[in-house]
Amino acid sequence: MASQWVLRIGLGVAGGLLLATSSATAAAAGPYQFFTLPPCRVVDTRNPTGPLGGPSLAGGATRSFPITGTCGIPSTAKAVVFNVAVVGPTGSGHMRMWPYNTTMPLVATINFDAGEPAIANGAIAPLTTNPTANISVYLATGAGTHADLVLDVTGYFQ
């Protein structure tokens with residue numbers, strides 16, 4: 001059960017405005033609950049080389065990232081909500097995102113054209129519990145092309 005605040009507005013006996021707040025309990029249906037996070041940059045391949053930084057994504061290649069344990073994402077998270085941005089792609093194509101060590105999906109997470117400064121899309125990405133990597137991405141552009149990836153997290157499901 002999650003707690004939320006409820007604002008009630010009404011008119012008092014003398015015609016004045018009456019405001020009241022109270023705490024209410026909300027029940028969530030389904031197997032997971034959503035938890036918001038302040039926006040936080042999890043991955044930025046424009047940064048120096050590292051597990052959550054550079055190098056840029058190479059065209060036709062897969063790269064995996066450890067997501068849990070950063071930006072307040074617990075190891076028990078089942079999926080995360082991302083703002084996905086592709087920055088400076090040198091080739092047209094798309095990027096796919098999926099849980100690490102599972103089959104790559106046939107659908108794109110984001111599509112882009114060569115030379116776009118940046119393009120963004122929202123995504124909910126399921127995670128694996130592997131501590132070395134939780135998600136994989138594939139840059140579907142031609143050989144010799146590259147693009148940078150920025151992932152900002154705004155919440156998770158648990």
Side-chain angles (χ1 to χ4, degrees), residues 1-5 24-158:
M1 298 291 241
S3 183
Q4 65 182 18
W5 287 98
T25 303
Y32 304 116
Q33 286 192 318
F34 178 70
F35 297 88
T36 60
L37 291 171
C40 182
R41 185 139 301 159
V42 178
V43 171
D44 190 340
T45 62
R46 299 171 299 177
N47 288 338
T49 298
L52 299 172
S56 297
L57 302 178
T62 298
R63 183 161 172 206
S64 299
F65 297 96
I67 299 300
T68 58
T70 59
C71 291
I73 304 168
S75 62
T76 54
K78 303 298 183 201
V80 292
V81 178
F82 284 126
N83 182 50
V84 178
V86 173
V87 181
T90 60
S92 296
H94 65 271
M95 190 210 63
R96 303 177 200 183
M97 181 184 301
W98 70 97
Y100 172 73
N101 210 20
T102 63
T103 303
M104 180 171 48
L106 299 175
V107 298
T109 303
I110 189 167
N111 300 295
F112 49 84
D113 289 324
E116 286 189 273
I119 187 167
N121 195 16
I124 298 174
L127 303 176
T128 61
T129 56
N130 188 312
T132 58
N134 305 113
I135 63 163
S136 294
V137 298
Y138 174 76
L139 187 65
T141 56
T145 61
H146 67 274
D148 282 302
L149 173 66
V150 176
L151 296 177
D152 294 332
V153 65
T154 58
Y156 64 92
F157 290 89
Q158 179 174 292

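One is the number of the first residue; the rest follow in order along the sequence. Just so it is clear, the model here is predicted, and its values are computed rather than measured.
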Report task. Classify the angle between the aromatic ring planes of Phe34 and Phe157 as parallel (below 30°), tilted (30 to 60°) or perpendicular (above 60°). Result ->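 The arrangement is tilted - the two ring planes meet at 30° to 60°.
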
Quick one: closest heavy-atom pair of [X] and [Y], and the distance?
{"X": "Trp98", "Y": "Pro105", "result": "CB-CD, 3.4 Å"}
{"X": "Ala79", "Y": "Pro126", "result": "CB-CA, 3.8 Å"}
{"X": "Phe112", "Y": "Gly91", "result": "CE1-O, 3.3 Å"}
{"X": "Glu116", "Y": "Asp113", "result": "OE1-N, 2.6 Å"}

Quick one, [X] and [Y] - any side-chain contact, counting heavy atoms below 4.5 Å?
{"X": "Val43", "Y": "Phe82", "value": "no"}
{"X": "Ile135", "Y": "Leu151", "value": "yes"}
{"X": "Asp152", "Y": "Pro39", "value": "no"}
{"X": "Tyr156", "Y": "Thr68", "value": "no"}
{"X": "Leu52", "Y": "Pro66", "value": "yes"}

Could you tell me whether a side-chain N or O of [X] sits under 3.5 Å from a main-chain N or O of [Y], the two making a donor and an acceptor?
{"X": "Asn134", "Y": "Thr128", "result": "yes"}
{"X": "Arg63", "Y": "Pro55", "result": "yes"}
{"X": "Thr45", "Y": "Leu149", "result": "yes"}
{"X": "Ser92", "Y": "Ala114", "result": "yes"}
{"X": "Ser56", "Y": "His146", "result": "no"}

State the [atom1]-[atom2] distance between [X] and [Y], to the nearest 0.5 angstrom.
{"X": "Asn111", "Y": "Asn121", "atom1": "CG", "atom2": "CG", "answer": "8.5 Å"}
{"X": "Thr129", "Y": "Lys78", "atom1": "OG1", "atom2": "NZ", "answer": "7.0 Å"}
{"X": "Arg41", "Y": "Cys71", "atom1": "CZ", "atom2": "SG", "answer": "9.5 Å"}
{"X": "Gln158", "Y": "Ile73", "atom1": "CD", "atom2": "CD1", "answer": "11.5 Å"}
{"X": "Tyr100", "Y": "Asn130", "atom1": "OH", "atom2": "CG", "answer": "5.0 Å"}
{"X": "Thr109", "Y": "His94", "atom1": "OG1", "atom2": "NE2", "answer": "8.5 Å"}

